[in-house]
Number of protein chains: 2
Amino acid sequence: MQSFTEENYLKIIYHLAEKTGNVQTNAIAEQMQTKPASVTDMIKKLAEKGFVDYIKYQGVTLTEKGKNAAIEIVRKHRLWEVFLVDKLNFKWDEVHDVAEELEHIKSTALIERLDEFLGFPKSDPHGDPIPDKNGRFAITQFIKLIDLKVGDQGTITGVSQHSSAFLKHLEKLGLTLGKQIEISDVTDFDGSVEILIAGKQINISREVAKHILTSSNGKN
Amino acid sequence: MQSFTEENYLKIIYHLAEKTGNVQTNAIAEQMQTKPASVTDMIKKLAEKGFVDYIKYQGVTLTEKGKNAAIEIVRKHRLWEVFLVDKLNFKWDEVHDVAEELEHIKSTALIERLDEFLGFPKSDPHGDPIPDKNGRFAITQFIKLIDLKVGDQGTITGVSQHSSAFLKHLEKLGLTLGKQIEISDVTDFDGSVEILIAGKQINISREVAKHILTSSNGKN
DNA sequence: AATTATTTTTAGATTTACCTAAAAATATAA
DNA sequence: TTATATTTTTAGGTAAATCTAAAAATAATT
């Protein structure tokens, strides 16, 4: 199949493409922590192998083949994260780097058995959906906490930021997956949000609220 | 630390050194499935990094540092094998290749937690000892089945051959780890061994008997 | 001891993924 | 629309791990 590096490129292109449509050379370079010139080289190789469509100076888009390969890597990454948290008692802010290595282990049997061992989880420790072995995602409806209105209730089901600092901060505030919350106030001045969680009132910055994902239970 | 390739060299040198003292270039090349010229290159690098002592045309020996690194890799390999068999229901003949990849994942925390998760196993699915996190092996006393005398009883505790074909053969004969056996006869003609296992009489070739390791319970 | 065979090393190339520096294309602003 | 800025690509080079072919050292044989 592909080398570690190729797999990393595919994964990053996939994630970048989720937001925008086609993906710029510089954006890839930034994510890969490498130089644009190196990205051009690799893009050509991936295009030759049929993983991306590439028009000079226009960036790339994943082909069907490329998308499938990328989804497989995402699947592995997220399953390993579940393993680390559920079985080895890692914290949700400790798993990323190790999963980044584990995702490259090449064995279909391994991943299928791991999936089964973990009970076919639908999402990883950050709430991100885990595609099944056919590459299909369960449809998940996230509402950003920042978009909830005063009085709305919801459950924390994910985060859109995976930095250790952010996750540790949430942990300290008790804002972990599955927790029930209610919006009690939104501050005009700085847009910070007052929320009710486990009977307590806490205040979180707008920046934090932007990266918490919820499934809303509607108005109180 | 080291690259995958360097780690594989260290591991192979370690295993070769277990038998002989210092290790020949050609022997390494054979194990690594590469050419002697490539081995010479790598040996120089490992020597420069202080993993091996090297005298031109005289082969190599592992330094303390090299030995520790090698043992760490062996530890990882064997722990992952236990994981695959105990938790993911792999057969003992299916685990080698996957463990070969998993052993290179770089995370001390991962291995320590995995060790704990598995209940600090002392040996892998083939009976090979697993060094603890300080690199220490539990002392294990193996007697080759071929060296047992008629009337001797023993427990199968390991194998000295890891090929899938051999392991599948043992599986079919019911000769798996932990099984009690008794030597009932040794054929003069071809040296094949008659053994009593689970009340049944079976015959195994000399070649097979050489690669089964037992802990003898002494004479019947 | 001289010859032959084997093992090991050197020399010079190749491939992968990366780099820098400069050129080319595209986008933005005056 | 010309000038400026940004993005992307090309050209040429490096380091890691490999290779082949040939040379050098060591071992085995006659």
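Please read these numbers as outputs of a predicted model, since none were measured by experiment. Lettering of chains follows the sequences in order, A, B, ..., and the numbering in each one begins at 1.
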Residues Gln161(A) and Ser163(A): side-chain donor-acceptor under 3.5 angstrom
yes
With Tyr9(B), which residues qualify under ring-ring contact (aromatic ring centres under 6.0 Å, His included), at least two apart?
none
Do any pairs count as a ring-ring contact (aromatic ring centres under 6.0 Å, His included) and have a residue in residues 116-149 of chain A, sequence neighbours left out, and if so which ones?
His126(A)-His162(A)
How would you list, by chain and number, every residue that makes a side chain to side chain donor-acceptor pair (under 3.5 Å) with Ser160(A), sequence neighbours excluded?
His211(A)
Which residues within residues 52-62 of chain B lie with some heavy atom under 4.0 Å of an atom in DNA chain D?
Tyr57(B)
Glu30(B) CD to dT7(C) P: how many Å, rounded?
10 Å
Mind calculating the distance between CD1 (Ile43(A)) and P (dT8(D)) to the nearest angstrom?
8 Å
Pairwise salt bridge (charged side-chain N to carboxylate O under 4.0 Å, His left out) hits with a residue in residues 8-25 of chain B, at least two apart:
Lys11(B)-Glu100(B), Lys11(B)-Glu103(B)
Let me know the distance between CD1 of Ile28(B) and C1' of dT8(C), rounded to the nearest Å.
12 Å
Just the atom pairs and distances: protein N or O near nucleotides 18-22 of chain C's N or O, under 3.5 Å.
from: dC18(C); atom 1: N4; to: Asp41(A); atom 2: OD2; distance (Å): 3.0
from: dC19(C); atom 1: OP2; to: Thr34(A); atom 2: OG1; distance (Å): 2.5
from: dC19(C); atom 1: OP2; to: Lys35(A); atom 2: N; distance (Å): 3.1
from: dC19(C); atom 1: OP2; to: Ser38(A); atom 2: OG; distance (Å): 2.5

Pairwise salt bridge (charged side-chain N to carboxylate O under 4.0 Å, His left out) hits with a residue in residues 120-133 of chain B, at least two apart:
Arg78(B)-Asp124(B), Glu112(B)-Lys133(B)
Could I get the full list of side chain to side chain donor-acceptor pair (under 3.5 Å) partners for Asp190(A), not counting sequence neighbours?
Ser192(A)
Between P of dT9(D) and CG of Asn26(A), the distance in whole Å
9 Å
Minimum-distance nucleotide (side-chain atoms of Lys44(A) versus dT10(D), dT9(C), dT7(D)):
dT10(D)
Look at Thr25(B) and dT9(C) and indicate whether a side-chain polar atom (N or O) is within less than 4.0 Å of OP1 or OP2.
yes
Considering residues at least two apart in sequence or located in another chain, which fulfil the side chain to side chain donor-acceptor pair (under 3.5 Å) criterion with Glu116(B)?
none
So, OP1 or OP2 of dT7(C): does either fall under 4.0 Å of a side-chain N or O from Gln24(B)?
no
